[in-house]
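Small disclaimer: the values here were computed from a predicted structure and weren't measured. Quick note: numbers below take in every heavy atom, side chains included, and nothing from hydrogens, waters or symmetry partners. Just so we're on the same page: letters track the sequence lines, and every chain starts at 1.
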Protein chains: 2
Amino acid sequence: MFPITTKKKSNPTTSIGLKRRTLIISAALKAFAEHGYSGASIQKIADSANLSKTNVLYYFRSKKLLYSEVMSSILSIWDSSFDRVTVNDCPAQALANYIAEKMENSRTMPLSSKVFAIEIINGGPNLDTSFKHTHKLWVQDRITLIEDWMTAGKMDNINPEYLLHHIWASTQYYADFSYQIENVHGAHMSQQEFTHATNTVIKLILKGCGLIVPEHYLS
Amino acid sequence: MFPITTKKKSNPTTSIGLKRRTLIISAALKAFAEHGYSGASIQKIADSANLSKTNVLYYFRSKKLLYSEVMSSILSIWDSSFDRVTVNDCPAQALANYIAEKMENSRTMPLSSKVFAIEIINGGPNLDTSFKHTHKLWVQDRITLIEDWMTAGKMDNINPEYLLHHIWASTQYYADFSYQIENVHGAHMSQQEFTHATNTVIKLILKGCGLIVPEHYLS
DNA sequence: TAGAAAACTGACCAAACGGTCTACTTTTTA
DNA sequence: TAAAAAGTAGACCGTTTGGTCAGTTTTCTA
């Protein structure tokens with residue numbers, strides 16, 4: 001009838017295939033972060049990966065599919081130790097760790113943060129509803145955690161929803177607005193300066209919540 | 001030789017011309033916020049403004065020019081009462097007012113904030129150096145103001161640069177990430193809820209700086 | 001009210017876009 | 001080592017893009 005292998009690349013298990021796919025994804029990540037979805041042409045992505053346009057389309061059958069794989073590779077990094085925090089844990093320690101983690105994400109993976117930011121700003125047209133739902137459930141669960149801390153008198157009474165937004169905003173900013181930061185700062189932030197910024201964010205938020213900053217984050 | 005009026009639209013003083021220009025700019029603002037620069041085609045902008053593509057190009061001779069006019073219309077709103085604050089003013093009052101102003105900007109002009117955010121995320125390729133320079137000088141000036149407050153013992157010792165970033169991050173977030181906020185919140189934020197969010201941000205930051213929240217911003 | 005200026009439009013263009021198809025080369029495997 | 005599979009690239013296609021131009025209609029003004 002017809003060959004068994006009707007679908008191509010259902011098995012990206014081969015050595016060269018995997019290499020190429022990750023190479024293309026990282027090139028696409030950079031292009032999407034710098035030019036947005038529409039501005040990042042397949043040709044540009046191919047050029048920056050030193051591949052032909054056709055070769056890129058061999059591994060990712062369409063631009064939308066490439067973008068969605070880039071996006072899912074981004075979302076898979078969102079796990080955090082804060083996911084497993086319980087009411088018995090110390091809120092100061094848990095929140096400080098969470099902020100430090102998010103800041104470290106901003107430092108080491110700014111491009112991922114930028115692509116995600118653009119996606120949200122544009123209304124998340126390419127985010128499937130399952131992600132939105134999962135995220136919403138996660139937030140509701142963490143809100144009850146924070147509320148439990150408050151009723152236990154472990155921290156100030158602050159709207160937990162706005163607190164979470166506040167944490168995301170102030171940490172992701174260091175990735176998304178890195179160019180603005182560099183312009184103000186005069187140069188690229190060193191790792192020391194980044195640690196200082198992290199401790200400043202931790203100090204501001206924890207003190208704002210009526211919490212004492214753990215020793216480890218004092219500088 | 002040739003007609004005197006070689007340049008068109010050097011005088012957009014006529015009634016209909018001004019109306020059309022502002023109409024196009026607002027349509028373009030929305031398109032740029034929702035689809036980015038490349039994704040917002042002149043055709044789409046024209047459609048949403050109920051004009052022909054050629055008519056749009058009659059008022060703005062190129063897409064880049066239209067974008068830069070949109071951008072300058074955004075930047076012209078950046079003035080704030082914080083510009084005129086001196087060391088003799090009360091830091092708690094001044095910072096609270098500044099945060100409230102920025103939050104009100106996020107509520108009433110989210111599209112402007114989004115277009116600006118995308119521009120910065122992409123590295124600000126369309127921002128002229130004069131703006132960057134002006135902004136840098138503004139920041140340096142405000143940093144010395146905050147430092148003066150600190151040496152006067154009016155507030156905690158906190159890196160002023162990071163403090164400013166913190167304020168911008170947590171306020172602009174309510175415009176740029178409005179879709180994420182709505183997804184978590186379950187619905188569009190009402191004005192009351194927005195005021196509550198504003199007061200929460202003010203409380204977090206001021207308390208984080210060792211300042212007492214002015215009565216007017218308690219809720 | 002006539003003429004000049006401004007506003008507007010459809011036809012058209014070259015370039016870039018995402019994507020397909022065929023054919024060739026390299027790698028893997030039996 | 002030969003066949004099968006995977007990888008690669010050039011030619012090509014329809015569509016959309018930003019933009020031009022010549023000509024028409026509307027509005028303003030002397």
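For the 3.5 Å distance criterion, the side chains of A:Q93 and A:H216 fail to qualify, holding no donor opposite an acceptor. Residues A:S113 and A:D176 have side chains that bring a donor and an acceptor to within less than 3.5 angstrom of each other.
Although no hydrogens or angles enter the test, the distance criterion places a donor-acceptor pair under 3.5 Å between the side chain of A:E193 and the main chain of A:S190.
The nearest whole Å value for the distance from the CG atom in B:L57 to the P atom in C:dC12 is 18 Å. Across the protein-nucleic acid pair, A:I45 atom CD1 and C:dA16 atom C1' stand 15 Å apart, rounded to whole Å. A:L23 has its CG atom 14 Å from the P atom of D:dG7, to the nearest Å. Between the CG atom of A:L18 and the P atom of C:dT27 there is a distance of 17 Å, rounded to whole Å. Spacing between atom CZ of A:F60 and atom P of C:dG18 amounts to 15 Å, rounded to whole angstrom units.
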Under 3.5 Å, N/O pairs linking protein and nucleotides 24-26 of chain C:
none

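Annotation: salt bridge (Lys or Arg N to Asp or Glu O under 4.0 Å) contacts involving residues 62-84 of chain A, sequence neighbours excluded, comprise A:R21-A:E69. Residue pairs meeting the salt bridge (Lys or Arg N to Asp or Glu O under 4.0 Å) criterion with at least one member in residues 93-118 of chain A, sequence neighbours excluded: A:E104-A:R107.
Within residues 24-41 of chain B, the residues approaching DNA chain D are B:A40, B:S41, by heavy-atom distance under 4.0 Å. A heavy-atom distance below 4.0 Å to DNA chain D is reached by none of the residues of residues 63-71 of chain A.
Note on A:R20: a side-chain N or O is less than 4.0 Å away from OP1 or OP2 of D:dT8. Taking only side-chain nitrogens and oxygens, B:Y58 comes nearer than 4.0 Å to OP1 or OP2 of C:dA7. Proximity of B:Y59 to the phosphate of C:dC8: a side-chain N or O atom is located under 4.0 Å from OP1 or OP2.
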Notebook entry, point to check: What does nucleotides 9-14 of chain D look like as a protein-contact string, B for base, S for sugar-phosphate only, - for none, at under 4.0 angstrom between heavy atoms?
Noted result: BB----
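In terms of the ring pair (Phe, Tyr, Trp, His ring centres under 6.0 Å) criterion, residue partners of B:Y162 (sequence neighbours excluded) are, by chain and number, A:H196. For A:I143, the side-chain contact (heavy atoms from CB on, under 4.5 Å) criterion is met by A:V139, A:E147, A:P160, A:E161, A:L164, not counting sequence neighbours. Under the rule for a ring pair (Phe, Tyr, Trp, His ring centres under 6.0 Å), the partners of A:H166 that lie at least two apart in sequence or sit in another chain are B:H166. Partners of A:T129 under the side chain to side chain donor-acceptor pair (under 3.5 Å) rule, at least two apart in sequence or in another chain, do not exist in this structure. For B:Y217, the ring pair (Phe, Tyr, Trp, His ring centres under 6.0 Å) criterion is met by no residue, not counting sequence neighbours. Residues satisfying the ring pair (Phe, Tyr, Trp, His ring centres under 6.0 Å) criterion with A:Y173, sequence neighbours excluded, are A:F177, B:H165.
Ring geometry for B:W168 against B:H135 counts as tilted: the plane angle lies between 30° and 60°, on a 0 to 90° scale. Between B:F82 and B:W149, the ring planes are tilted. Angles from 30° to 60° get that label.
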